[in-house]
Number of protein chains: 2
Amino acid sequence: MVSTHPLVVPSPPAPTGRRLTAAERERQIVEGAIAYFAEVGLDGQTRELARRLGIAQPLLFRYFPTKAALIERIYEEVYLKRWDAGWEATVRDPSLPCLERFRRFEIDYQRTIDNYAWLRIFVSAGLKGFDLPSRYLGMVRARIFTPLLTDMRAESRLPSPEDQPLAADEYELLFGIHGALVYVGLRSLVYGIDGGVDRDAVRAAMLDAALPGLLATHRRVVAARRETAASGA
Amino acid sequence: MVSTHPLVVPSPPAPTGRRLTAAERERQIVEGAIAYFAEVGLDGQTRELARRLGIAQPLLFRYFPTKAALIERIYEEVYLKRWDAGWEATVRDPSLPCLERFRRFEIDYQRTIDNYAWLRIFVSAGLKGFDLPSRYLGMVRARIFTPLLTDMRAESRLPSPEDQPLAADEYELLFGIHGALVYVGLRSLVYGIDGGVDRDAVRAAMLDAALPGLLATHRRVVAARRETAASGA
DNA sequence: TCCTCTCTTGAGCGAACGATCAACAAGGGC
DNA sequence: GCCCTTGTTGATCGTTCGCTCAAGAGAGGA
């Protein structure tokens with residue numbers, strides 16, 4: 001009587017083969033959570049997530065003690081795990097001029113973050129006041145932009161950061177170009193404007209337009225600061 | 001017995017003088033809602049909003065039939081009302097070179113949108129799939145960038161848009177610089193990185209760096225497209 | 001002084017939220 | 001075949017959501 005009653009299920013239940021191993025199920029949950037929270041934001045509902053996975057909602061809490069723990073796992077999966085150590089090597093590669101290092105880094109980096117889940121969860125976390133975005137961009141600043149600016153100083157025969165610390169407006173030079181490239185993805189994946197353009201090509205063109213003048217601008221910025229410091233002293 | 005019992009109130013209740021006129025109360029609610037939803041996102045709670053205003057929650061529904069209606073009102077207040085018709089005049093001002101028009105527009109525009117509520121509600125709306133961001137940026141594209149690109153064509157003695165329609169990559173030239181300027185505010189007001197810089201000054205410096213090469217790049221882009229079109233025909 | 005208009009509130013509805021727990025059922029070892 | 005381990009679920013708890021409704025209370029005219 002109780003067993004296998006042919007009851008009509010109210011919601012589309014099981015796109016997944018049941019009784020997975022723990023590892024398989026956990027992976028399925030993580031991937032589904034990334035896709036789901038990217039779509040609806042980090043305050044999406046665990047019930048709806050479970051429904052999309054075709055599993056019961058309590059099963060989520062078997063694998064993650066709390067919703068916050070699941071979100072923490074998403075951070076590791078989407079941001080920390082996709083951080084490419086090669087980026088840090090590229091921007092320090094002494095065999096390349098600094099501008100070429102920057103170009104190669106940005107093209108690689110943007111290809112990584114120009115991703116529905118990456119950008120939307122990043123922004124959603126920022127709005128919710130989580131420190132992921134500031135921590136992540138702090139990493140970009142420290143591990144990418146600092147060594148790059150240091151070598152740009154050397155390449156332009158400017159004082160080393162030891163003699164004259166890197167200033168905020170020098171970082172802004174890089175963040176400016178960086179931000180223009182990020183904005184291409186934001187317009188499409190967060191604001192929902194398709195535009196129908198090849199975003200990789202657009203960013204390559206933007207780099208072509210912005211990079212040639214960068215070293216000269218950098219020299220001007222550093223020189224201006226030296227004058228200010230000299231007149232101030 | 002019932003009247004004015006000296007009961008301790010559980011939450012800080014009334015920073016506002018009670019019994020306002022309808023117009024005053026409505027204004028207070030709108031301003032409070034802008035600040036509140038900017039802080040916590042558009043799925044903030046009406047109860048918490050009321051608590052911050054020092055009023056009872058049902059009072060919100062006296063002035064706005066639904067939460068969606070209140071949000072719609074926020075759109076009008078923050079985006080439509082702050083749209084400056086002078087921007088459209090600036091970018092068509094025949095007495096100024098196009099680059100100067102663009103600079104003046106961006107400096108004015110960015111000063112308007114570099115605002116906690118403006119940026120955060122804009123992004124929050126984008127994440128929630130509302131069409132405000134795409135509609136608004138469509139307005140920027142049509143009312144600002146189109147006339148600007150049209151006159152840039154003329155200033156560079158290039159074919160008019162009637163003979164050769166404005167192409168996506170021409171718009172991207174302007175959106176690229178535009179996005180770099182917007183990103184300055186996003187980093188601070190959405191991602192929570194203060195940086196301690198004068199964002200107006202940073203943007204002015206970015207314009208100084210980006211504008212000089214813009215016309216030449218524009219000519220190159222248009223020329224490239226003409227070749228493609230010619231070889232394709 | 002009292003009445004009336006209207007701004008304002010306390011109490012509460014149905015639904016949905018994150019999270020819990022005991023019971024069910026699919027495998028693999030014996 | 002049996003049983004024990006473990007992946008999985010239905011039912012449900014306490015809370016909070018947007019929203020409603022009838023009653024309270026201040027201000028102005030008579």
Side-chain angles (χ1 to χ4, degrees), chain A residues 1-30 32-33 36-37 40-74 128, chain B residues 1-30 32-33 36-37 40-74 128:
Chain A
M1 198 62 138
V2 185
S3 58
T4 64
H5 46 283
L7 192 62
V8 251
V9 278
S11 56
T16 165
R18 9 176 63 176
R19 195 130 188 115
L20 303 185
T21 70
E24 288 169 336
R25 183 65 79 191
E26 183 175 322
R27 175 117 299 271
Q28 182 209 27
I29 290 176
V30 170
Y36 173 65
F37 287 124
V40 306
L42 287 176
D43 31 33
Q45 321 158 6
T46 58
R47 276 184 169 81
E48 172 66 13
L49 168 58
R51 202 190 57 77
R52 293 199 188 190
L53 289 170
I55 63 177
Q57 184 229 18
L59 194 55
L60 297 174
F61 292 90
R62 170 86 170 188
Y63 288 88
F64 298 94
T66 172
K67 183 184 171 185
L70 175 55
I71 290 178
E72 193 60 40
R73 172 63 178 276
I74 289 179
K128 293 204 76 177
Chain B
M1 197 59 140
V2 184
S3 59
T4 66
H5 45 283
L7 193 61
V8 253
V9 277
S11 56
T16 165
R18 11 176 61 177
R19 194 124 189 121
L20 304 184
T21 70
E24 288 169 336
R25 184 64 80 192
E26 183 173 323
R27 175 116 301 270
Q28 182 210 25
I29 289 176
V30 169
Y36 173 65
F37 287 125
V40 307
L42 287 176
D43 31 34
Q45 321 159 6
T46 57
R47 276 184 167 82
E48 173 66 13
L49 167 59
R51 203 190 56 77
R52 293 199 188 190
L53 290 170
I55 63 176
Q57 185 227 19
L59 194 54
L60 296 175
F61 293 90
R62 170 86 170 187
Y63 289 89
F64 298 93
T66 173
K67 183 185 171 185
L70 175 55
I71 290 177
E72 194 60 40
R73 173 62 177 276
I74 288 179
K128 293 203 76 176

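Order of the sequence lines sets the chain letters (A, B, ...), proteins ahead of strands, with each chain counted from 1.
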J.: Rounded to the nearest angstrom, tell me the gap between atom CZ in B:Arg51 and atom P in D:dG18.
T.: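 Interatomic distance, CZ of B:Arg51 to P of D:dG18: 14 Å.
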J.: Provide the closest heavy-atom pair for B:Arg25 versus B:Arg19 in the form atom of the first, atom of the second, distance.
T.: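 Here B:Arg25 and B:Arg19 meet closest at NH2-N, 3.7 Å.
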J.: Mapping B:Phe61 and A:Tyr63 to their closest nucleotides on DNA chain D, which lands nearer the 5' end?
T.: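 Taking each residue's closest nucleotide, the earlier one in sequence belongs to A:Tyr63.
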J.: Side chain of B:Lys67 only, heavy atoms from C-beta on: which candidate in C:dG18, D:dC19, D:dG7 is closest?
T.: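 Ranking C:dG18, D:dC19, D:dG7 by closest atom to the B:Lys67 side chain puts D:dC19 first.
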J.: When the distance from CD of B:Glu26 to C1' of C:dT8 is rounded to whole Å, what number comes out?
T.: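 Rounding to the nearest Å, CD of B:Glu26 and C1' of C:dT8 are 16 Å apart.
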J.: Could you tell me the separation between the CZ atom of B:Arg19 and the P atom of D:dG28, rounded to a whole number of Å?
T.: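 Going from B:Arg19 (CZ) to D:dG28 (P), I get 9 Å.
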J.: Rounding to an integer number of Å, can you tell me how far B:Arg62 CZ sits from D:dA23 P?
T.: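 Interatomic distance, CZ of B:Arg62 to P of D:dA23: 16 Å.
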J.: Which nucleotide in the list C:dT8, D:dT9, C:dA26 gets nearest to the side chain of A:Leu59?
T.: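 Closest of the options to the side chain of A:Leu59: D:dT9.
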J.: Measure from CD on A:Gln28 to P on D:dG7 and round the result to the nearest Å.
T.: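 Whole-Å distance recorded here is 14 Å.
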J.: For residues 62-70 of chain B, run the donor-acceptor check on the side chains, cut-off 3.5 Å, and write out each pair with its distance to 0.1 Å, sequence neighbours left out.
T.:
from	atom 1	to	atom 2	distance (Å)
B:Thr66	OG1	B:Ala68	N	3.4
B:Lys67	NZ	B:Leu42	O	3.3
B:Lys67	NZ	B:Gly44	O	2.8

J.: Locate the shortest heavy-atom distance separating A:Gly32 from A:Leu53; write the atom from each residue and the value.
T.: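 Closest approach of A:Gly32 to A:Leu53, heavy atoms only: CA-CD2, 3.9 Å.
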J.: Return no unless some side-chain N or O of A:Arg25 is found under 4.0 Å from OP1 or OP2 of D:dT8.
T.: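 Checking A:Arg25 against D:dT8: at least one side-chain N or O falls below 4.0 Å of OP1 or OP2.
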J.: Within the structure shown, what part of the strands sits under 4.0 Å from A:Thr66 by heavy-atom distance: base, sugar-phosphate, or nothing?
T.: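 A:Thr66: backbone/sugar contact only, no base atoms under 4.0 Å.
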J.: Tell me the interatomic distance from A:Glu24, atom CD, to C:dG27, atom C1', rounded to whole angstroms.
T.: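 Taking CD of A:Glu24 and C1' of C:dG27, I get 13 Å after rounding.
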J.: Measure the distance from CG on B:Leu49 to C1' on D:dT16 and round it to the nearest whole Å.
T.: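 Between C1' of D:dT16 and CG of B:Leu49: 16 Å.
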J.: Between B:Arg47 (CZ) and C:dG10 (P), how many Å, whole number?
T.: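 These atoms are roughly 12 Å apart.
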J.: Can you name the salt bridge (Lys or Arg N to Asp or Glu O under 4.0 Å) partners of A:Arg27, sequence neighbours left out?
T.: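 Scan of A:Arg27 (salt bridge (Lys or Arg N to Asp or Glu O under 4.0 Å), adjacent residues dropped) gives A:Glu31, A:Glu77.
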